[in-house]
J.: 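Quick one: the structure is below, and I'll ask about it shortly.
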Amino acid sequence: MAMDRRVFLVLLLAGCADTSPQGPLTAVSPPQPSAPKPQPSAPAQGPATPVPAGELAFDTWLLDFRRRALAAGLSPQLLDRELSGVTPDPKVISLDSRQPEFSKPVGAYIAGVISDDRVAVGRRKRDELAFLPTIEARYGVPRDILLAVWAMESAFGQLQGNFDVVRSMVSLAADGRRRAWAEGELIAALKIIDSGEVTRAQLKGSWAGAMGQTQFIPSSYRATAVDFDGDGKRDIWGSDADSLASAANLLARGGWKPGAGWAKEVILPAGFDYSVTEVEKQIPAWWEARGVRRADGLPWTAADAASPAVLILPSGAAGPAFLALPNHFAIRTYNNSTSYALGIGLLADRFGGGGPLVTAWPVETPLALADRMAAQIALARVGFNPGPADGVIGAGTRKALRAWQQSQQLPADGYLSNDMVARLKAQAGITP
């Protein structure tokens, strides 16, 4: 007769018993009386139906994870209760493996971030929330930055996600693409439950495990969430004050410098050497000596004048240029994306009464995934290592592209446009 999967796993575990003081390992609770059981006395019915490969792989991972979880200090009782019967969520695995076919240009991304409705809501909340000045004073992070994080992460708390965080982390860990990270977050989520601070039912978030109004992953919640409203709970799901104070604490720990800005739009002189983009880290006076000036024509504050700044060109030489100050990189401890940090900073500026950029974002054609990967393959073929051909245009690809552009006597802005893709493919002999 067919072997029940739970019975199979119990037998598997029985042969892999741990001799540690914590006792035998079981990846699931023993079968309940109503569950089918093997019948040794029954006539032979041929070989048992094999456990599907996917289930066997998952069960093997779960057994291995349990050992690591016990070593991390979690109790067998907790693991039995929270992981018994858990299965991977196919939707989580699908979302994790899905890479966008087209890469949204940063100008289009920013246009979506800074909508009139979002700016209006942010400005209203800026005036309404009486606790904001106290958070700002305690952590040194401006209220406009916190409101921008709140807006971007959950539409001011309205869109928090409804995935079971434990199951999401189980799914990501078992799938293997980001196993070490996901297992760490799964252990953190289980420790949150074990503390009694939050129940499993309350531990809801995005498919990737980001939770609450400020979309903290479990390890960030454990390390940086705060009880600002004084009710004895660090409630990033239901408390606006706890949520924004927790975000402020995360940014402060990420290196936010009180009293300093995050970035300034700048104008570059004709003939500028774009190869210094994302390379040189110098105070504004160094950049001014090379003809770089603030787009708004205002002087630098003392704090910003003393801060090292990096030139970034998110849309290449044809788009806006920014001197990114240390607080730009503090924002990126929240989400390590240049576009995200620009979105937060520019939205915060609007909340504070700022206007649009001096240099408009260029109209750009989205790059297809195949073209992004082809460009990376081409760079490698012609001797400039961009890293893996994964279609993600990160710092490594931009560095390789700048070096190649210099070799071709092109503006070395590191921006991958459709024209650059065509040039690279032609030089590397990649047919369309």
Side-chain angles (χ1 to χ4, degrees), residues 104 106-161 210 212-216 226 228-229 235-252 254 256-265 294-298 301 303-304 314 320 322 324-325 327-328 330-332 334-335 337-361:
K104 179 179 284 190
V106 63
Y109 173 84
I110 296 297
V113 168
I114 307 176
S115 66
D116 290 342
D117 288 346
R118 181 174 279 174
V119 171
V121 172
R123 287 177 175 173
R124 185 174 71 248
K125 289 187 178 293
R126 190 180 196 270
D127 296 332
E128 291 175 351
L129 299 179
F131 54 75
L132 283 174
T134 308
I135 292 177
E136 189 175 48
R138 181 175 300 179
Y139 296 101
V141 182
R143 67 197 73 181
D144 294 327
I145 291 289
L146 300 176
L147 289 168
V149 168
W150 196 23
M152 291 271 283
E153 293 295 340
S154 67
F156 302 101
Q158 300 305 303
L159 303 173
Q160 299 184 31
Q213 299 192 41
T214 45
Q215 294 290 278
F216 276 17
V226 297
F228 189 80
D229 60 18
D235 183 8
I236 62 171
W237 294 269
S239 169
D240 295 352
D242 286 4
S243 298
L244 295 183
S246 296
N249 191 35
L250 187 151
L251 291 170
W256 186 273
K257 296 183 179 300
W262 67 276
K264 294 295 179 184
E265 184 189 2
R294 279 180 54 158
D296 58 14
L298 298 175
T301 65
D304 291 349
F322 302 87
L325 299 162
N327 285 339
H328 167 88
I331 296 172
R332 285 170 63 169
Y334 213 113
N335 181 327
S337 159
T338 300
S339 295
Y340 176 87
L342 282 170
I344 293 293
L346 293 172
L347 183 59
D349 288 352
R350 288 294 188 91
F351 289 159
L357 297 173
V358 172
T359 301
W361 296 102

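Quick note: residue numbers are just sequence positions, from 1.
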J.: Asn327 side chain to Gly261 main-chain N or O, any donor-acceptor pair under 3.5 Å?
T.: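 Checking the backbone N and O of Gly261 against the side chain of Asn327, a donor-acceptor pair under 3.5 Å is found.
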
J.: Between Ile236 and Ser246, which heavy-atom pair has the shortest distance, and what is it?
T.: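 Where Ile236 meets Ser246 most closely, the heavy atoms are CG2-OG, 3.8 Å.
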
J.: Could you measure the distance from the NE2 atom of His328 to the CG atom of Leu342? Nearest 0.5 Å is fine.
T.: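 Separation between the atoms: 6.0 Å.
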
J.: Calculate, to the nearest 0.5 Å, the distance between atoms OH and OG1 belonging to Tyr334 and Thr214 respectively.
T.: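 The distance works out to 4.0 Å.
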
J.: Quick check: are there more than 12 heavy atoms from other residues, nucleotides or ligands sitting under 6.0 Å from CG of Asp116?
T.: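 Open.
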
J.: Using a 3.5 Å cut-off and no angle test, enumerate the donor-acceptor pairs between side-chain atoms of residues 145-159 and protein atoms at least two apart in sequence or in another chain.
T.:
residue	atom	partner	partner atom	Å
Trp150	NE1	Gln213	OE1	2.8
Glu153	OE2	Tyr340	OH	2.5
Ser154	OG	Gly157	N	2.8
Ser154	OG	Gln213	O	2.7

J.: Looking at Gln160, is its backbone amide N or carbonyl O close enough to the side chain of Gln215 to form a donor-acceptor pair, meaning the two atoms are under 3.5 Å apart?
T.: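 Answer holds: yes.
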
J.: Which heavy atom of Ser339 sits nearest a heavy atom of Tyr109, and at what distance?
T.: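 Shortest heavy-atom separation between Ser339 and Tyr109 comes out as O-CE2, 3.2 Å.
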
J.: Measure the CD-CZ distance between Glu265 and Phe322 for me, rounded to the nearest 0.5 Å.
T.: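 Atom-to-atom, Glu265:CD and Phe322:CZ are 5.5 Å apart.
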
J.: What distance do Phe131 atom CZ and Asp240 atom CG have between them, rounded to the nearest 0.5 Å?
T.: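 Here the interatomic distance stands at 5.0 Å.
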
J.: Starting from the C-alpha separation in whole Å, work towards a yes-or-no answer on side-chain contact (heavy atoms from CB on, under 4.5 Å) for Trp237 and Asp242.
T.: CA-CA 9 Å; Trp237 294 269; Asp242 286 4; over 6 Å; no

J.: Any chance you could measure Leu250, atom CG, to Phe216, atom CZ, to the nearest 0.5 Å?
T.: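 It comes to 4.5 Å.
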
J.: Identify the two heavy atoms, one from Ala245 and one from Tyr139, that lie closest to each other, and give their separation to 0.1 Å.
T.: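 Between these two residues, the closest heavy atoms are O-CE1, 3.9 Å.
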
J.: Taking all non-hydrogen atoms of both residues into account, name the closest pair between Thr338 and Arg332 and its distance.
T.: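 For Thr338 versus Arg332, the nearest heavy atoms are OG1-NH1, 3.2 Å.
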
J.: Would you compute the distance between atom CG of Leu346 and atom CD1 of Ile110 and round it to the nearest 0.5 angstrom?
T.: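 It comes to 5.5 Å.
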
J.: Counting heavy atoms not belonging to Lys257, are there more than 12 under 6.0 Å from its NZ?
T.: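 Check fails, neighbour count at 12 or below.
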
J.: Would a distance-only check, ignoring hydrogens and angles, find a side-chain to backbone donor-acceptor pair under 3.5 Å from Arg123 to Arg350?
T.: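 Judged by distance alone, yes, a pair lies under 3.5 Å.
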
J.: For a quick test of reading the model, state the closest non-hydrogen atom pair linking Pro314 to Trp361 and the distance between them.
T.: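 Looking at all heavy atoms of both residues, the closest pair is CB-CZ3, 4.0 Å.
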
J.: So which atom in Pro320 and which in Leu357 form the shortest heavy-atom distance, rounded to 0.1 Å?
T.: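 In terms of heavy atoms, the two residues are closest at CG-CD1, 3.9 Å.
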
J.: Can you run down the salt bridge (charged side-chain N to carboxylate O under 4.0 Å, His left out) pairs that involve residues 140-150, sequence neighbours left out, and say none if there aren't any?
T.: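 Passing the test, one end in residues 140-150: Arg126-Asp144, Glu136-Arg143.
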
J.: What residues form a side chain to side chain donor-acceptor pair (under 3.5 Å) with Asp296, not counting sequence neighbours?
T.: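 Per chain and number, Asp296 pairs via side chain to side chain donor-acceptor pair (under 3.5 Å) with Arg294.
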
